[in-house]
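Everything numeric here is computed off the predicted structure, so don't read it as measured data.
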Amino acid sequence: MDRILATDVINNESKKVLLKGWIQNKRDHNHFAFIDLRDSSGIVQLYINFDNSLLADTFKSDCSIESVISVEGTVVRRAEELINKKLDTGEFEVKVDTLTVLSKSDTIPFAVDTDGHEINEAIRLKYRYLDLRRKRMQDMLKFRNDFIFFTRSWYQNHGFIEVETPLLTVTSPEGSRDFLVPSRLHKGKFYVLPQAPQQFKQLLMVAGVGKYFQIAPCFRDEDPRSDRHAGAFYQIDTEIAFTNQEDFFQEMEPFFIEITEKLTNKKVKFKPFPRIPYDDAIDKYGSDKPDLRFGIEITDCKYLKENISLNAFDGMEAMKCLIVPNADRFDRKTISDLGASAINSGGKGLAYILRDENGEFKSPLKNYLNDNIYQYLMNELHLERNCIMFIVADSYKLTTKILGEIRLKIGDILNLRNKDEIAYAWIVDFPMYEWSDDLKKYDFMHNPFSMPQGGMEALQQRNPLDIYAYQYDIVANGLELSSGAIRNHESETLIKAFEIAGYKKEEVEEKFKGLLTAFRYGVPPHGGFAPGVDRTIMLLRDEPDIREIYAFPLSSDAKDLMMGAPSEVSKSQLDDVGLKINV
RNA sequence: GGUCGUAUGGUGUAGCUGGUCUAACACGUUUCCCUGUCACGGAAAAGAUCAUGGGUUCGAAUCCCAUUACGACCGCCA
């Protein structure tokens with residue numbers, strides 16, 4: 001007898017069938033009983049008549065919840081009044097002839113027929129194999145599979161080839177803390193796990209691989225966050241030879257559009273994606289990863305500062321505001337919460353001017369306002385009726401940052417962050433350098449391997465802070481999905497770029513020996529990016545917790561609560577690699 | 001490295017301005033009853049040193065301190 005899946009009962013009416021799965025639930029009626037049998041396809045109801053004493057005994061002694069059973073029986077159509085409309089298989093049930101318990105379950109620590117959010121996460125992680133039995137988690141695993149499968153197909157169909165790059169490699173001087181792997185053959189030396197295959201993918205460009213991709217594991221020894229998995233994660237590492245920034249955007253946009261439309265019901269808001277210079281993004285949205293699902297842009301209102309004599313405004317570099325509709329949705333508590341968050345972010349406070357439905361102005365600044373200012377508010381800033389403006393005065397950097405955060409909160413308050421839409425955008429023209437107060441030197445703002453706009457000439461002649469890079473981010477709904485860049489493939493320019501950031505020529509030549517040597521043998525101009533698998537899945541599924549989209553995540557303390565990693569190792573293991581523990 | 005929050009039977013919660021708390025409720029578990037349930041129903045029972053240690057007090061689940069565990073955030077994440 002062939003085994004069928006639970007949902008296949010629909011096509012096997014009146015037939016003898018074999019089913020195997022877990023007991024999701026049971027209902028004992030003394031002379032008969034029901035079992036909800038769950039397998040990978042779904043749930044079907046089993047009917048067990050206790051007239052068969054063998055069945056009755058097995059049911060009563062061994063059929064605990066979540067036990068694994070095998071049953072033979074007949075698929076029967078239920079009488080009209082017995083149909084369960086909530087169940088896909090609800091028109092049928094299986095009348096059981098034989099019942100075998102393949103594996104009896106202990107009493108389970110938590111129910112698996114819920115979405116699991118109610119259970120303490122540490123307990124869920126400890127029993128992850130049980131937790132994953134819930135429908136929501138099975139759907140997640142399926143989605144993740146579909147995501148990876150779609151990605152591989154899309155890239156292959158567009159001429160990319162996947163190449164695995166080494167997992168045991170060397171430390172890189174920039175960026176995150178490395179995970180170290182001690183070497184047994186070379187005691188005292190270490191491999192490191194790659195933070196990203198950055199140099200390898202560039203070497204593949206030199207090697208003549210025109211279009212490379214890899215679902216690449218990346219390792220960074222930094223503290224996790226709810227949107228950043230501890231230690232390890234995956235990127236869709238991508239690099240293309242002979243491309244430029246605009247060509248790259250046009251080539252990759254369809255991937256995001258298609259994966260969104262194929263795997264979700266969400267609409268892609270902008271096609272093509274807007275290209276927004278970094279400076280504009282900061283200026284208008286106070287963020288380099290703006291949520292473009294709604295408008296409400298930051299507006300300059302320095303006029304107010306110049307015409308209101310208030311000590312609090314003295315000496316402030318910038319004054320900017322957000323003009324927000326639906327002022328009636330902002331009660332006193334909401335406004336004061338926004339003010340508290342502004343202060344929490346380092347601001348002095350949050351001023352507001354509200355114009356009610358009758359055109360009356362209300363504001364803590366009211367005593368300082370006059371007719372000229374009212375004219376300015378109405379004619380220049382277009383503060384319409386039932387609008388409220390939130391004002392921040394501070395340094396340019398802090399003003400835009402705070403208003404950027406307030407803008408997102410307003411988006412939430414007014415329900416403007418529509419879950420049915422994804423607003424992808426490219427943020428372009430990132431500055432090459434920024435001044436580091438800590439290090440007292442210029443430092444790379446993003447990727448040191450980016451080509452500076454204007455090339456060597458710009459590096460030699462311009463103030464470092466005025467140099468932009470062919471460096472871009474792809475963002476969506478306020479999330480950064482990836483950084484990327486057109487790379488600097490000119491050895492001399494790369495060395496010069498590092499020099500500005502305080503690295504000596506010899507040092508750079510030593511650390512990037514492989515890459516720089518390779519560049520001497522004919523390197524195509526190239527560029528790429530590496531969207532995070534997890535970030536993108538979180539975006540597509542509206543899932544704020546990254547641990548919910550991993551089969552086996554580490555805890556917020558980077559521990560595996562089920563397997564017990566990290567753990568101590570034996571003395572002989574340490575001896576093998578020549579290490580001594582000293583803590 | 002830092003700030004904050006949480007911890008009560010197997011699970012989720014209530015109690016937490018100290019005193020019939022000898023800790024309540026729901027789900028789960030066990031036993032019994034029930035011939036069509038599907039969140040089955042009915043009856044009964046078992047199951048908690050209230051995270052751990054210390055302190056305050058006549059008296060601590062409740063207040064204080066420390067520790068541990070878990071979580072959020074800051075730093076960090078080219």
Side-chain angles (χ1 to χ4, degrees), chain A residues 24-37 43-51 60-61 64-66 76 78-87 89-93 95 105-114 116-127 130-131 171-178 194-196 198-199 218-233 344-346 430 432-434 436 438 443-450 469 471 473 480 483-485 487 497-498 501 503 530 532 535 544-545 547 554-559 561:
Chain A
Q24 166 125 343
N25 198 7
K26 56 179 178 171
R27 291 173 291 281
D28 181 353
H29 289 256
N30 208 31
H31 295 282
F32 61 95
F34 300 105
I35 286 176
D36 294 332
L37 183 80
I43 291 173
V44 67
Q45 175 166 277
L46 310 180
Y47 173 85
I48 295 168
N49 195 317
F50 289 175
D51 290 347
K60 284 179 178 165
S61 59
S64 55
I65 300 287
E66 290 303 315
V76 295
R78 301 196 200 180
E80 192 65 31
E81 69 276 13
L82 299 179
I83 289 173
N84 181 357
K85 293 201 176 74
K86 294 182 208 159
L87 210 56
T89 58
E91 290 181 35
F92 301 90
E93 67 187 11
K95 188 171 183 308
S105 174
D106 284 354
T107 301
I108 50 176
F110 48 71
V112 301
D113 58 353
T114 66
H117 283 305
E118 76 283 4
I119 310 289
N120 182 320
E121 201 186 352
I123 295 168
R124 287 179 57 201
L125 292 181
K126 184 175 170 192
Y127 301 97
L130 275 181
D131 192 53
T171 186
S172 73
E174 286 297 315
S176 168
R177 198 176 289 117
D178 288 320
Q195 295 177 25
Q198 176 70 35
Q199 293 190 59
C218 301
F219 304 90
R220 296 179 188 173
D221 187 8
E222 301 294 347
D223 287 9
R225 290 287 186 275
S226 52
D227 64 349
R228 203 165 79 197
H229 186 247
F233 61 97
N344 199 33
S345 299
F430 276 80
M432 185 84 191
Y433 300 99
E434 61 189 348
S436 166
D438 290 345
D443 207 354
F444 295 108
M445 184 157 177
H446 269 286
N447 191 322
F449 298 97
S450 304
Q471 163 85 41
D473 280 1
E480 179 196 320
S483 280
R487 318 297 176 187
F498 270 95
Y503 295 84
R535 283 283 170 81
D545 183 354
R547 291 185 298 270
L554 298 181
S555 70
S556 76
D557 203 17
K559 289 195 288 201
L561 299 173

*A:Lys126 atom NZ: more than 12 heavy-atom contacts under 6.0 Å*: no
*Go ahead and name the base partner of B:A24; Watson-Crick or wobble counts if both distances stay under 3.5 Å, otherwise write none.*
B:U13
*Spacing between A:His446 atom NE2 and B:A78 atom P, to the nearest angstrom*: 9 Å
_Using the C1' atom as the point on both nucleotides, what is the distance between B:G15 and B:G2, in whole Å?_
34 Å
*Watson-Crick/G-U partner (both atom distances under 3.5 Å) of B:G18*: none
*Is the side chain of A:Asp545 donor-acceptor paired with the backbone N or O of A:Arg547 at a distance under 3.5 Å, no angle test?*
yes
*Grab the NZ-C1' distance between A:Lys60 and B:U29 for me, whole Å please.*
17 Å
*Return the value, rounded to whole Å, for the distance between atom CD1 of A:Ile119 and atom P of B:C27.*
15 Å
*Spacing of the C1' atoms in B:A51 and B:G71 (rounded, Å)*: 15 Å
*How does protein reach along nucleotides 36-41 of chain B, written 5' to 3' as B (base within reach of a heavy atom under 4.0 Å), S (only sugar-phosphate), or - (no contact)?*
BBBSB-
*Does the ring pair (Phe, Tyr, Trp, His ring centres under 6.0 Å) test come out yes or no for A:Phe498 and A:Phe444, once each step is laid out?*
CA-CA 9 Å; A:Phe498 270 95; A:Phe444 295 108; 5.0 Å; yes
_Say we look at B:A24 and B:C50: how far apart would their P atoms be, to the nearest angstrom?_
14 Å
_A:Ala196 side chain, from C-beta outward: closest of B:U35, B:U11, B:A78_ = B:A78
*Kindly give the heavy-atom pair with the smallest separation between A:Phe110 and A:Arg124, and that separation in Å.*
CE2-CA, 4.0 Å
*For B:A26 versus B:G9, give the span between their C1' atoms, rounded off to a whole number of Å.*
13 Å
*Could you state the atom-to-atom distance from CZ of A:Phe219 to C1' of B:A78 in whole Å?*
18 Å
*Does a donor on one side chain sit under 3.5 Å from an acceptor on the other, for A:Ser450 and A:Gln471?*
yes
*Are any of the side-chain heavy atoms of A:Glu91 and A:Asn84 separated by less than 4.5 Å?*
no
*Expressed as a whole number of Å, how far does the P atom of B:C16 sit from that of B:C76?*
43 Å
*With C1' as the reference atom in both, quote the distance from B:U29 to B:A48 in angstrom, rounded to an integer.*
15 Å
*When you look at A:Phe50 and A:Asp28, which way does the side chain to side chain contact (heavy atoms under 4.5 Å, CB included) test go after all the steps?*
CA-CA 10 Å; A:Phe50 289 175; A:Asp28 181 353; 3.6 Å; yes
*Just checking, is any N or O donor in the side chain of A:Gln195 or A:Asp178 under 3.5 Å from an acceptor N or O on the other one?*
yes
*Please name the pair of heavy atoms, one in A:Asp221 and one in A:Ser176, separated by the smallest distance, quoted to 0.1 Å.*
N-OG, 3.8 Å
*Value in whole Å for how far the C1' atom of B:G10 lies from CD1 of A:Ile123*: 9 Å
*For B:C63, give its Watson-Crick or G-U wobble partner with both distances under 3.5 Å, or none.*
B:G55
*Using purine N1 to pyrimidine N3 plus N6-O4 or O6-N4 for Watson-Crick, or N1-O2 and O6-N3 for G-U wobble, each under 3.5 Å, what pairs with B:U29?*
B:A45
*Please give the nucleotide sitting opposite B:A72 as a Watson-Crick or G-U wobble pair, both distances under 3.5 Å, or none.*
B:U3
*Starting at CG of A:Leu130 and ending at P of B:G28, how long is that distance when rounded to a whole Å?*
17 Å
*Write down the distance separating the P atoms in B:U62 and B:G18, rounded off to the nearest Å.*
12 Å
*Which pair of non-hydrogen atoms, one from A:Asn49 and one from A:Phe32, has the smallest distance, and what is that distance?*
CA-CB, 4.2 Å
*With rounding to whole Å, what would you report as the distance between B:C4 and B:G47 at their P atoms?*
41 Å
*Assigned partner base of B:A39, Watson-Crick or wobble definition, under 3.5 Å*: none
*Rounded distance in Å - NE2 (A:His117) to P (B:C27)*: 23 Å
_Rounded distance in Å - CD1 (A:Ile65) to C1' (B:U29)_ = 11 Å
*If a protein heavy atom is under 4.0 Å from the base, mark B; if only from the sugar-phosphate, S; if neither, -; do that for nucleotides 67-77 of chain B going 5' to 3'.*
--SSSSSBBBB
*Verify side chain to side chain contact (heavy atoms under 4.5 Å, CB included) between A:Leu87 and A:Ile43, making sure each step is shown before the conclusion.*
CA-CA 8 Å; A:Leu87 210 56; A:Ile43 291 173; 4.1 Å; yes
